[in-house]
Amino acid sequence: MRKSLLIILLLVAFRLDAGPVEGMWIPFLLEQMNIKQMRDMGLRLSAEDIYSVNHSCLKDAIVQFGGGCTAEIVSPQGLILTNYHCGLGSIQRHSSLQHDYLNDGFWAASFDDELPCPGLSVTLLVRIEDVTERALHGIGEEMNQIQRQQLIKQNIEAIEKEAIRGNHFEARVRPFFYGNQYYLFVNETYKDIRLVGAPPSGIGKFGGDTDNWMWPRHTGDFSVFRIYANQNNEPAPYSRQNLPYKPKYYLPISLQGYEKGDFTFVFGYPGNTREYLPSYGIDLAADQENPLRILLRGKRLDIMKEAMDQSRLVRIQYAAKANAISNGWKKMIGESRGVRRIDAIGKKKAYEEKFRLWADSTPEHQKKYGSLLSSFEKIYLEYLPVDLASVYISEAGQGIELVRFAAGFMELARLSQAKTLNPDTLTLLLTDLKRYTRGFYRNYQPGIDEKVMSQMLHEMASSMNVGYRPAILSEIGKSHGNNWDEYARKLFQRSILSDSTRLIAFLDGYRPTNYRKLEKDPAYQLMLGIYEMNEKNIIPKIKQFTGLLDSLQRIYMAGQMEMEKNRTFYPDANFSMRIAYGKVDDCQPMDAVTYHYFTTLDGVMQKEDSTVYDYRVNSRLKTLFQKRDYGAYVDRDGTMHVAFLASNHTTGGNSGSPVLNSVGALIGINFDRNWEGTQSDLMYDPLQCRNISLDIRYCLFIIDKYAGAGRLIREMKIIDAAQSL
Ligand code: ASP
């Protein structure tokens, strides 16, 4: 009795000890690298249960959604769950004043009512293979960066070609550790994806931008889609004859919840981290680029939000656009603050000092790494002006919607001028352009863009490095006495691109000699001035500098791995499938503040404010709350849990990722991080970085009790606590 008590105590002590684990790990290397630690922390699965190429396993239920998010398959009929903010573009595209699915939500009553989403696809992973040797075959020390890149490119093309011979898969070889290792990913992409259900934005985006990236969080951030396949269960373009996809594996769901300290892991497609940069790289990202992007995005957002607050139509039209801008805007604010708070640059400098000493310790190290850090310093310094110029182009110049739209007409002008257009090609091109125009105008308000234009041009003209500033801005500045409001007003009056009726009429009657009219159009001219400067002077330099920095970073990475032989390194996120693991946990983000690890529906009601759009609570949800009508989804403590915190290392792209318990059952959907921890893309801090997940029970409660879509619940496999897989 005594002995077993001691063992239990030791186990508990160990579990409490096994703190947050930094890293996003490659699934097929789990056996070698992580499984022991994962099992010590509480996992009850084997590495083969998670990733295998020989039999169905968890990986077969994880998909990359729409290129930038993750989703998970939860039924034998291809039903998938992802975040509301990941499905938002599709929900928005189906919304109108008559069918305001954003405001009211959408629930397909049957398979036939599920809505096709052209352009949306999901990708399943078939297998991963380490192809480092083949990718680097023939590479020698004597080669320069260009020769090296060319040979690697050839090698990769051969590997990819071979991987898809005789099958319908796609193959992609990606560099890891900055080109020190290469992995092949063989994928299968399904293109008939349909919208099945979405809560109203009052649930799916509850708290809006104010709560985004924050804890405590009460957002029901999920949406429901389905994968369709042809009669052979293979990918096929949309067709009414397609059938729901039959997955190799789908995730069981647990309604048992979690306790603080419970093991969890997140499976998904994290996008982009840069954990191994030198201090100069962090300074560039957090202290130079971010502040400029924050400033420019903030100005655009203020204009959009003011208009969205005044009109329902504008709110629908700009919902997805504004969301995309503000999500990054707020993340960057958190990231730069976090970098400062944890003194990431100071820590990197201390590490660099250690590296310098190590590099100087033997002639061999000295030869390879001796001048590395001073080269970094020099190149980052030279890179700064062109990098900031590129930020101005992308955030300010291309932040003007009309400028981006006008770029779509360059091909027509170019081909017309070159007189290479035969009548058939011209007809096709014009049909495409009319579709492009109608699509653009569906969600466009020239009045908003006119204000954006004035402000963005003012910023570019007054603050951009003269060497990279488009010359057209000086001309306009002179001719309009730097009155950008007046310039924008006149441009919007005169341009045919800013008037859909005139533009469609122009395209209807288009003859190749009309390209001159386009070339004289003020919006077209502005676009050309900005794009030409970018393409001729900025992009080539960016490529040159990033090429140099990449090659230094490859050597620095190899050096770090050589110096710290006993450390297990994980590769930076690059939109390939990864696993992060940790535990359900509180967080102490700052002095005297502790974040409790879960939130409840009570908190939604506490935040309710009918005068603020993002904090309205709809009456149906309120009634369910008042009656405590939570069904099977209630927690042991009698409340309805909404979201929870855990110490899984995640990033953008992990949005929609499944959060799994020790037996691989779904307990949550990852959707965010705490603001104080967003520097984790540059430097992970176990004390301050937490991922935020939607409690799966809240998701099912909304589907079942709120929306009455029990048909979806019946497709799923709900398991109880004791059940293993
Ligand atoms: N909410 C995030 C996103 O927008 C997810 C994250 O970065 O953790 O992608």
Side-chain angles (χ1 to χ4, degrees), residues 20 22-24 64-72 81-89 201 204-223 264-275 285-286 290 293-294 297 301 319-339 572-575 578-582 585 587 589 595 614 642-659 668-685 688-694:
E22 173 177 353
M24 301 162 174
Q64 189 172 34
F65 180 89
C69 282
T70 305
E72 48 277 3
L81 296 177
T82 187
N83 288 149
Y84 183 82
H85 77 265
C86 297
L88 183 60
S201 61
K205 207 175 170 323
F206 182 77
D209 285 338
T210 318
D211 280 18
N212 195 15
W213 300 105
M214 302 297 245
W215 190 259
R217 194 63 168 278
H218 299 89
T219 315
D221 199 343
F222 77 96
S223 55
T264 65
F265 64 114
V266 172
F267 214 151
Y269 284 88
N272 209 333
T273 59
R274 293 173 289 172
E275 310 283 349
N290 279 359
R293 286 188 199 277
I294 291 163
R297 284 189 179 211
L301 278 170
K321 285 195 256 197
N323 197 57
I325 302 169
S326 71
N327 193 40
W329 165 80
K330 194 158 178 194
K331 149 87 194 303
M332 288 183 265
I333 298 175
E335 183 174 74
S336 290
R337 282 188 194 162
V339 160
D572 268 325
N574 59 0
F575 278 114
R578 302 294 177 87
I579 285 175
Y581 53 98
D585 206 357
C587 175
Y595 288 160
D614 289 329
V642 173
F644 62 97
L645 288 178
S647 57
N648 300 296
H649 187 180
T650 55
T651 185
N654 270 126
S655 285
S657 294
V659 184
I669 306 176
N670 180 75
F671 70 98
D672 214 353
R673 281 169 284 162
N674 62 316
W675 212 24
E676 303 79 7
T678 42
Q679 70 277 15
S680 64
D681 290 349
L682 297 170
M683 186 180 277
Y684 183 84
D685 178 342
Q688 305 204 351
C689 299
R690 295 287 177 270
N691 66 312
I692 302 179
S693 306
L694 172 68

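One-based numbering, in listed order, for ligands and for the atoms of each. Side chains are part of it too, since the values below use all heavy atoms of this structure and drop only hydrogens, waters and symmetry mates.
Atoms CZ and CZ, on Phe644 and Arg690 in that order, are 13.0 Å from each other to the nearest 0.5 Å.
Partners of Arg217 under the salt bridge (Lys or Arg N to Asp or Glu O under 4.0 Å) rule, at least two apart in sequence or in another chain, are Asp672. For Asp209, the salt bridge (Lys or Arg N to Asp or Glu O under 4.0 Å) partners two or more places apart in sequence, or in a different chain, are Lys205, Lys305. With sequence neighbours excluded, the residues that form a salt bridge (Lys or Arg N to Asp or Glu O under 4.0 Å) with Lys331 are Glu335, Asp681.
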Give every pair made of an N or O atom of ligand 1 and a protein N or O atom lying under 3.5 Å apart, one pair per line with both atom names and the distance to 0.1 Å, or write 'none'.
unit_1   : atom_1 : unit_2 : atom_2 : d
ligand 1 : 1 (N)  : Phe671 : O      : 2.8
ligand 1 : 1 (N)  : Asp672 : OD1    : 2.9
ligand 1 : 4 (O)  : Asn327 : ND2    : 2.6
ligand 1 : 7 (O)  : Gly652 : N      : 3.0
ligand 1 : 7 (O)  : Arg673 : NE     : 3.4
ligand 1 : 7 (O)  : Arg673 : NH2    : 2.8
ligand 1 : 8 (O)  : Arg673 : NE     : 2.9
ligand 1 : 9 (O)  : Ser655 : OG     : 3.0

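When side chains are defined from C-beta on, Trp675 counts as touching Lys330, because their heavy atoms get closer than 4.5 Å.
Partner of Pro658 under the side chain to side chain contact (heavy atoms under 4.5 Å, CB included) criterion, out of Thr70, Asn670, Leu81: Thr70 alone.
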